[in-house]
Amino acid sequence: MLASPDKAPVLEMHHISKRFDATQALDDVSLTLYPGEVHALLGENGAGKSTLIKIMTGIHQPDAGEIVLDGQPVQIANAMQAQRLGIAAIYQEPMIFPDLSVAENIFIGHAERTPFVNWGRIVREAEAILGRLDVKLDVRMPARGLTLAAQQAVEIAKAISLQVRVLIMDEPTASLSAHEVEQLFRLVDALRRQGVAILFISHRLDEVFAIADRVTVFRDGRWISTRLRSEVTPEGAIRDMVGREIGDFFAKTPAAQRGESLLSVRGLSKRGVFSDISFDVHRGEVLGFAGLVGARRTDVGLALFGIEPADSGEIVFEGRPCTIRSPEQAMRLGIAYVSEDRRQLGLSLPQSITANITLPLLRRYAAAFGLLDFKAEEQTAERYKQQLAIRAPNVQVEVGKLSGGNQQKVMLAKWLNTAPKLLILDEPTRGIDVGAKAEVHHIINALAQQGIGIIMISSDLPEVLGMSDRVLVMREGRQMGVFDRAQATQERIMAAAIGGAIPDSPAPRADGEGMA
Amino acid sequence: MFHLPSALRRWETLLLAILAVVVLFNVTRSPFYLRIDNLVNVFELSIEKIIVALVMTFIIINGEIDLSVASVMGLAACVVARLHADGVAMPLAVLVALTVGLLCGAFNGFWIAYVGLPSLAVTLAGLIGYRGAARILLEDKSIGNFPEWFNALGQRPLVGPFPLALIVFFVMLIAAAIILQRTAFGRYVYVIGNNKEVARYAGIRVKQVKMRLFMASGLIAALAGVLLAARLGAVRGNTAEGFELDIITMVLLGGVSIFGGSGTLTGVALSILIILNLRNGMSLANITGNTQTGVIGALLILSVLVPNLVGRLRALRSRMRPATTGPTPQPAQEVEIS
Amino acid sequence: MIRLHKPIASLIVASLLLGACAAPVAAPQAPAAPAATEPPAAPAATQAPAAPSGEVVKAEPGKAVKMVLLPKFLGIAVFDQANQGAQEAHKELGNPEKLEFLGPTPENSVAGQIEIVTTAATQGVNAVMLSNNAGDQIVPAVKKAVEAGTKVVTWDSPIPSAEGESVFVAQVDFNETGKVMADMALSILGADGGKFAVLSASPDAANQNAWIAAMKEALKDPKYAKLELLDVVYGNDQSEESYKQALALVDKYPDMELIMAPTTVGIAAAAKAMTDEGLCDKVKVSGLGLPAEMVEYTKSGCAPEFALWSFVDLGYLTYYLTYLLATNQIEAKEGVKFKAGRMGEYTITKDPTREKGLRVLMGPFTVYNKDNVDK
Amino acid sequence: MKAITRAIRPEQLREITLAALIVVVVLFFSSQIQGYFSGRTFNRVTASVAIIAVVAVGQTLVVLTRNIDLSVGSIVGFSAYFVGTQLANDNTLSPAFAIALAIGLGALMGAINGALVAYGRVPAIIVTLGTLAIYRTILVDMSGAKTVVVDALPQWLKDLPRTNLIQIGELDIRLMFGLAVFVVLVFQLVLVYLRFGRRLYAIGSNPEAARNAGLPTQRIVFSAFVLCGALAGLAGFMFLARFGTITVVAGQGMELQSVAAVVVGGVNIFGGSGSMIGAFLGATLIDLLEQSLIRWLRVSEFWRDALLGLLILLAVASDAVILNRLRRIWAQDGVSVQGKPVE
């Protein structure tokens, strides 16, 4: 299975450098891909992975260096040419056309040799490819409204339809649940057997070790190491990535004793979305929400935050029954919601770090005549910049220019600044690198210890298991059970999430809130 | 190789340079340009448009558009005239006209903010509908003979050489700049214009902000309409017809993105100065009619095109030279900093 | 420089004219008007009272006066014709300054006219010849211009309140226009009369409104008893809208036999609409039109009769009058007579169609029919 | 319900809603205006909607790509005037040449717009707001204020507007209307069955993804503007044929009319969705309302615009509300648009 040196490499990148303004994004890096290998590329955000991908797909041109395809030096001038050369990429943010049908999304840009669209063929082939992927979608429906996982599936189908020779997968699993990841891996395996070279980028080390043949690590735009999987350990890889040792992540200090009940939810329902959700969150507790993508966990979070209020059910917050119809209302109660989608829902990208952090409480910064106190705003931002170790030259930097991890920290700062009593975290570590992930986990831990109740929605199973005091599992809008830390195992949660029989040792305990 | 300091790449700097050229041209070409009465005229002749341009700046930064402003101006002027002709006291008539403007804005705002219709569609309907309402009020009549004090407000200097409308404009300019740059509301306008979901998820009452903006737009358009009535001393059904495109042109030349989320009042103020002085200069040089609008149209295009081309030329040059030299303008793609 | 001498000059002119007697309004000769109506005799009530002098002032050429001819907007044939006439007079009089022909765009007419008047005052232009499209909205600008020493003479379309305006050069008598329209209607519909409707420009068009009002007034005459005016609609001087409105009139009033359109755009669009829909036998078109635009329809019998005046002459006459006023050779006063080059003698009279204001009446109408339309 | 919602796609739903609104308008005015429900009304509306429909088709192409063309009115005027002048000077020019000239001129002006937007990267609204003024200025300067007069035009052109394609009883299908319908249908097919058409949607739907997918976005946007200009040029020719007398203000205001047609027709102003049929129905609905209101004796001339504005708003609103309602039913019917992996 290992890449055999006897095979000729399909793609070689030699001594590539690329600079943007003041940032040296890539500095003399080289990478070789062999047919039929899965080559994992590791590195913190900012290590230069994205830039390398964009050079491979023709979006950027290198300042220096050489690209060799099948032994021939090539110039990749644009995305179209990259496709023709058989290089395709699946990005971490799926690039779909919401108004086009699923089938067209798969075939746009390459299916037609003539100026005409052969609808019959497109639909048939799209169905065939998705069928192979084991994804059931009406390929004639517009892609608008597809979940991230479904979008990802469409992207993968598209790459497959391209019959690529080099497939770049930039965090394809970021939005997939464990079960979906397994499916994806089966697919990657199939592609590998067909001789496709796969450049696989992920922040989830367990996945990397499960699938990769070779592992290359970048740091700060430089090449650090390339090793066979058998020669590398997780610890070693992390050391290469961050240049230092990282302590045990995924480890919440268990709540010493369960605090008083902060939020109590009974029979929360929203027609057509979720129904009969009941649980409690106590002060200082992390309640994990596990489930497959599409299990409607986010919708429960949105209901609690008043974005998409529930139709029925009881919410008791700090002992007082209440209805939450709008985010302002939720904020007044002391609820904060950190969205899963940083770029679309979480941050105003062209605004500064400061402006983003102070946004929810902006009116508090109004001094005389309603004028904003810029100095106070900046102080707040500086405080969080230090507390959360946000890496940026200053707090006036546009948030859009930060790495994912730092953006995530800005989001956290934004909501911590509202001094929440209940913090809803939706995929708090999606798409951020190991180092940042550990830092986020430390922050969550610290917050819980301060007595904040936390709901953590996550598709990263090890994270859920490591960080939660209890785990609520949802499946297709229904609550499948609540597990204590002690009883929550990967197998049992997966079983609940996919609707199989839950292995019975140790016995699941109805947790006061009961099972659905 | 020429090196532009980064300040020069900013939109406002470009506008300032254009303004300097226009002023220089005017000064050298016409002996009348620098006369104080002419300089007052520069503003006075378009004062109502530039007042509305201020609130239009907010609307466009917010990611919306209001095509109905000119019709609201006309309607407010017609309301004043109609009520005056029917014997209503002038102050009351003005008050009613302002209320009507506010209601028009609220009507627009309701459909846009609460029903969620695109503002282009709603205000296009408003453009037709409010003009129609103005027609209903005045039919084929022209109403004037306003009280002397009312006409004087529009036609005579109030402080120094400045008439009321000009003072209103400068006060509003300062107020608008403060609101946009220094208050929570102004920040909301930007954030919503950039991405209204982010705003909603931050607990900002997006609908309320939009509603208020359109109400302000209606109110200020009505105020401008009343000022116009005072300046012209008479009102007809077609008063202020067609002003919307001029107003939008001013805002866009000011560097406000039509897609919302960015732009500054400094830019809009500069763009107003450019357009007004350019028009004045051309008028003084006896260039009128379509040629004037054509020149302004060309300026609008070139002001965006030229910096784009220069930027790409520089990018091209630097690409052709070996790597690690000078910085290249590459604003399009995000750069990771970590 | 001329402005400096103004008070003195006007004193001289005034004394010259002092004590003269009024003469009846001259019926000016319409040059090459193939089928002129009777010369519009001024109604008795508006007979010009005694003027100080009967002397006809002949323009002294060669004086430098800066003048601007300001049409409603640029790009329209009739205004260019007026400019032709004005340029002709300009050359005749040997004014060393340039005659500027400045105008706004159609969609920005009101604001544009105000701006041009204001700028002209700033530039120290001696006189502006204005075809007013802004109604009384232009008054403040005109007054300021007059304060600055710029004379404002209107032509084609006056300032309704006459404030600030020296004299209005009327192409025809506005009351006469109403009568001519009624006459044409009678002539087309025949002695039995019939029903007709008016397709006007925009509701804000002062000229058209005045003419329609005059026509309504004229219709009260028992002579027109059998004519019935059904409706007044507006095509906003746009081909598309006028065309639509003309057809709508046909649909709305099945027994309508004539569309009267006192606007060149409207009449052409209406005639085209009737032609396209094969309605010419049933519904005729008349009004004010440009011969070149109407040849087709007059010959086909769709628009058997329509009227207009010469815009070239209007520009020519306006220039003469304005030149005389601006050089202070005459004063804008009732009874003042002057000679306008090839067009002969004219007298400034009270304007009977407005409460205040003076006018010089050019006249007369030329009524066009199939015999003279293409000449 | 399920069967219906499965059979109908959202775009079609929009068209059905519009068609229903048109029926409601016709029924309402039939009860109000004598002799309204007749072939004559049909003839009036079809003859009048032909020109704006062609412009709206072009506008739709551009709007689908998340752009806008405000210069169409000036292009219509320019091409009507220029072709009119040529035909007036030389009556022997062939119809084919005249049409080709009109389309070519329009395409040229569209190409300028397109080049500035696609390759100059200037926002479309800025470019076309500018060329709206510039094209008109060139026309005014070029014309010397002369008017194209009917008398000077060749007979075939004068006859064109009254030429029937076919006549069904009282209903005249005019050649010009036939041409407009043909244009609508051709471009509807282009949108559905041509790679080019689908790419217009793709670009409007997600410009960044379109670039990443390797679509030649610049060329496609450029082509959309060229086609829009060409169609405006064709509309200019139709304008010339219909009105004969062409002054330099010809076509003024068509930019907003075409945008109104497109918006009422359910084309998303932010690109990515909509159809030619929808735009055509939108143009028809507006024209129908206008034509009906000017024939409605109950409202005076001065009430017309106020009512028209209100009705346009209601059309847009009802369309949006109905569509939302149906979408919700759709969702609750469980016609899933979620991608749920199945074991």
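Just so it is clear: chains get the letters A, B, ... in the order the sequence lines come, proteins before strands, and each one is counted from 1.
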Just checking heavy atoms, which of residues 105-117 of chain C are less than 4.5 Å from chain B?
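C:Thr105, C:Pro106, C:Glu107, C:Asn108, C:Val110, C:Ala111, C:Ile114, C:Glu115, C:Ile116 fall under the 4.5 Å cut-off.
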Largest heavy-atom contact set with chain C, pairs under 4.5 Å, which of [options]:
options                                : result
B:Asn145, B:Asp140, B:Leu245, B:Leu138 : B:Asp140
B:Thr291, B:Asn38, B:Asp246, B:Thr293  : B:Asn38
B:Gln292, B:Lys141, B:Arg279, B:Lys49  : B:Arg279
B:Thr239, B:Asn151, B:Asn286           : B:Asn286

Specify which of C:Ile138, C:Asn209, C:Val139 makes the most heavy-atom pairs with chain B at under 4.5 Å.
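The option with the most such pairs is C:Asn209.
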Heavy-atom pairs under 4.5 Å with chain B are the metric here; pick the option from C:Leu74, C:Thr118, C:Val68 that has the most.
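Maximum pair count with chain B is reached by C:Thr118.
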State whether the number of non-hydrogen atoms from other residues, nucleotides or ligands found under 6.0 Å of B:Arg35 atom CZ is greater than 12.
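Yes, enclosed.
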Just how far is it from atom [atom1] of [X] to atom [atom2] of [Y], taken to the nearest 0.5 Å?
X        : Y        : atom1 : atom2 : answer
B:Ile143 : C:Asp136 : CD1   : CG    : 11.5 Å
B:Thr288 : C:Phe101 : OG1   : CZ    : 8.5 Å
B:Asp37  : C:Lys144 : CG    : NZ    : 9.5 Å

Would you mind checking which part of C:Lys143 comes under 4.5 Å of any heavy atom in chain B, side chain (CB onward), backbone (N, CA, C, O), both or neither?
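It is neither, since no heavy atom gets under 4.5 Å.
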Using non-hydrogen atoms and a 4.5 Å limit, figure out which bit of C:Phe73 sits close to chain B: side chain, backbone, both or neither.
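Answer is neither: C:Phe73 stays 4.5 Å or more from chain B.
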Determine the minimum heavy-atom distance between C:Gln123 and B:Leu284, stating which atoms define it.
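Distance-wise, the nearest heavy atoms are NE2-O, 2.6 Å.
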Heavy atoms only: give me the nearest B:Phe32-C:Lys66 pair and the separation to one decimal.
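In terms of heavy atoms, the two residues are closest at CZ-NZ, 4.3 Å.
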Residue part contacting chain C, namely of B:Gln155, when any heavy atom lies under 4.5 Å:
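Backbone plus side chain of B:Gln155, per the 4.5 Å heavy-atom cut-off to chain C.
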Ignoring hydrogens and angles, write down the donor-acceptor pairs under 3.5 Å from the side chains of residues 228-237 of chain B, residues two or more places apart or on other chains.
from	atom 1	to	atom 2	distance (Å)
B:Arg231	NE	B:Glu44	O	3.4
B:Arg231	NE	B:Glu48	OE2	2.9
B:Arg231	NH2	B:Leu45	O	3.3
B:Arg231	NH2	B:Glu48	OE1	3.0
B:Arg236	NH1	C:Asp204	O	2.7
B:Arg236	NH2	C:Asn133	O	2.6

